[in-house]
Every structure is written in C-alpha cells, then in structure tokens.
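Let me begin by presenting the structure, written as structure tokens, before commenting on it.
These numbers come from a predicted model, not from an experiment. This chain uses plain numbering: 1 for the first residue, then up along the sequence.
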Amino acid sequence: MRLDGSLRALCVAGALGITLAGAPDPVRAAEGSDESLRTLADLVLNGVREQIADCEGRPRVLASASPGNGSLATGRPPLRWNPQLGEAASRHGEQMARTRMFDHVGTDGTTVRERVDATGYRWQVIGENLAAGHSRLEEAVVGWLRSRSHCTALLDPRFTEFGLARTESTSPNDAYGTYWTLVLGKPR
C-alpha cells in the first residue's frame, strides 16, 4: 500500500505520541478486525522505519520523502505482512494471555526461533518485540521506540517481513490485559 506523505507523517506522528491539530486518528479508525490491524501495522511500522533515523537517544524524525525505488527514505526495506510470522506471533500472544506470563520464552520453553520454525517459515534472520498493557498499537510502538533493543529490532534493515498479534486476556486478574507480539523476519 502506497501512502501519500501526509498520511505517512500522521501515522509516524501518532506512533511517537505527537498530535497533529485537526488530523483524524488513523489508529482509532483502523482498530477492529485482523485485516485492519495488519493494514494499520503496515502503516505505522513502515512509517516508523521510513522516518526514524536511529535509536540513539530520543528517536529523530526525518523530513525526507520516500525515494520510490522499493526501499524507504532511510534505505531500509519496507516490511510486508507474512501469515506464518503472524501465526507465530498469535500463538505466543495467546500463550502469554492465557498464562499471564510476559516473556520471550514461552511457558513451554520455546523461543521465537522455535515458534517460527514450527510454522514452516524458513528464515535468514528472526526477531521479536513484545509489549503488554497497551490497548493501542501506537502505544506499544512508542514503548518499543523508547527501548534501545526494541527500537533497534524495529529499524533493523535486515528484516523484510512481519507478523503481529494483539491478544486480550480473559482473566480479570491479569495486570496487563493486552499483549502485543511482533515477529520480524527475512526469508531464505
């Protein structure tokens, strides 16, 4: 999906917690179905990859536009949705919500590598960002941008594909309530 500069800037601004006066809220408008979450993730994640310079200190927003050559203005490739990575993200999110355990290692001892391998995805490089307690994607992304390791994974130019899951806990005793699992990869 190609975005005009103003919509992409709006998505990035929203992910950084910046409000643009009079602008619609694309995050609130797109929440709901799995398809709208994938579309929203594509907008926000690629907006961040295009316009965030690096993870040194506070993330800096670039003013440049996309060069239109299949890569983003930063030289990073845009992320594309992959259903196998989405399945790995969903399974881990469901396990975290069911067990109220927020960790990169599953309660069954699996790591992101093993969870992705179980889907049949053949990868060169794989990574995972987790967030909990955020009801909206933009809040999770802001948290990732504030963490050097999560920001570095999000901006890593080696990644070309992603899967994302938002999982709600059904337990009234769950301190987090909502779990976000982002799996990033590059196929072989």
First locate atom [atom1] of [X], then atom [atom2] of [Y], and finally report the distance between them rounded to the nearest 0.5 Å.
| X | Y | atom1 | atom2 | result |
| --- | --- | --- | --- | --- |
| Thr110 | Gln95 | OG1 | CD | 5.5 Å |
| His92 | Thr167 | NE2 | OG1 | 9.5 Å |
| His104 | Arg113 | NE2 | CZ | 13.0 Å |
| Arg80 | Asn46 | CZ | CG | 10.0 Å |
| Arg76 | Ile52 | CZ | CD1 | 8.5 Å |

Is a donor on one side and an acceptor on the other found under 3.5 Å between the side chain of [X] and the backbone of [Y]?
| X | Y | result |
| --- | --- | --- |
| Glu114 | Thr111 | yes |
| Ser90 | Gly86 | no |
| Asn129 | His150 | yes |
| Arg49 | Asp156 | yes |
| Trp144 | Leu130 | yes |

Which residues pass the side-chain contact (heavy atoms from CB on, under 4.5 Å) test with [X], sequence neighbours left out?
| X | answer |
| --- | --- |
| Ala41 | Leu45, Leu137, Phe162, Leu164 |
| Ala132 | Phe102, Tyr176, Tyr179 |
| Gln84 | Asn82, Thr119, Tyr121 |
| Ser149 | Ser147 |

To check you understand the geometry: which heavy-atom pair defines the closest contact between [X] and [Y], and what is its length?
| X | Y | answer |
| --- | --- | --- |
| Ser135 | Arg166 | O-NH2, 2.7 Å |
| Glu168 | Ala97 | O-CB, 4.0 Å |
| Ala88 | Val116 | CB-CG2, 3.9 Å |
| Asp174 | Arg100 | OD2-CG, 3.3 Å |
| Ala131 | Ala140 | CB-CB, 3.8 Å |

Can you list the steps and then say if Val44 with Glu138 is a side chain to side chain contact (heavy atoms under 4.5 Å, CB included)? CA-CA 8 Å; Val44 173; Glu138 67 180 347; 5.7 Å; no
Remaining members of Met101's ILVMFWY cluster at a side-chain heavy-atom cut-off under 4.5 Å?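 Noted: Met101 shares its cluster with no other residue.
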Do [X] and [Y] sit in the same hydrophobic cluster, where Ile, Leu, Val, Met, Phe, Trp and Tyr count as joined when their side-chain heavy atoms come under 4.5 Å apart?
| X | Y | value |
| --- | --- | --- |
| Val112 | Leu154 | no |
| Leu85 | Val125 | no |
| Leu155 | Trp180 | yes |

Checklist entry - Distance only, no hydrogens: is a donor on one side chain within 3.5 Å (strictly under) of an acceptor on the other, for Ser171 and Asn173? => result no
| field | Validation row: Asp42, Arg38 side chains within 4.5 angstrom (heavy atoms) | value | no
Verdict with reasoning, Arg98 to Thr107, per side chain to side chain contact (heavy atoms under 4.5 Å, CB included): CA-CA 10 Å; Arg98 185 177 58 256; Thr107 56; 5.6 Å; no
Let me have the donor-acceptor pairs involving side chains of residues 181-188, under 3.5 Å, with sequence neighbours excluded, atom names and distances please.
from	atom 1	to	atom 2	distance (Å)
Arg188	NE	Trp123	O	3.2

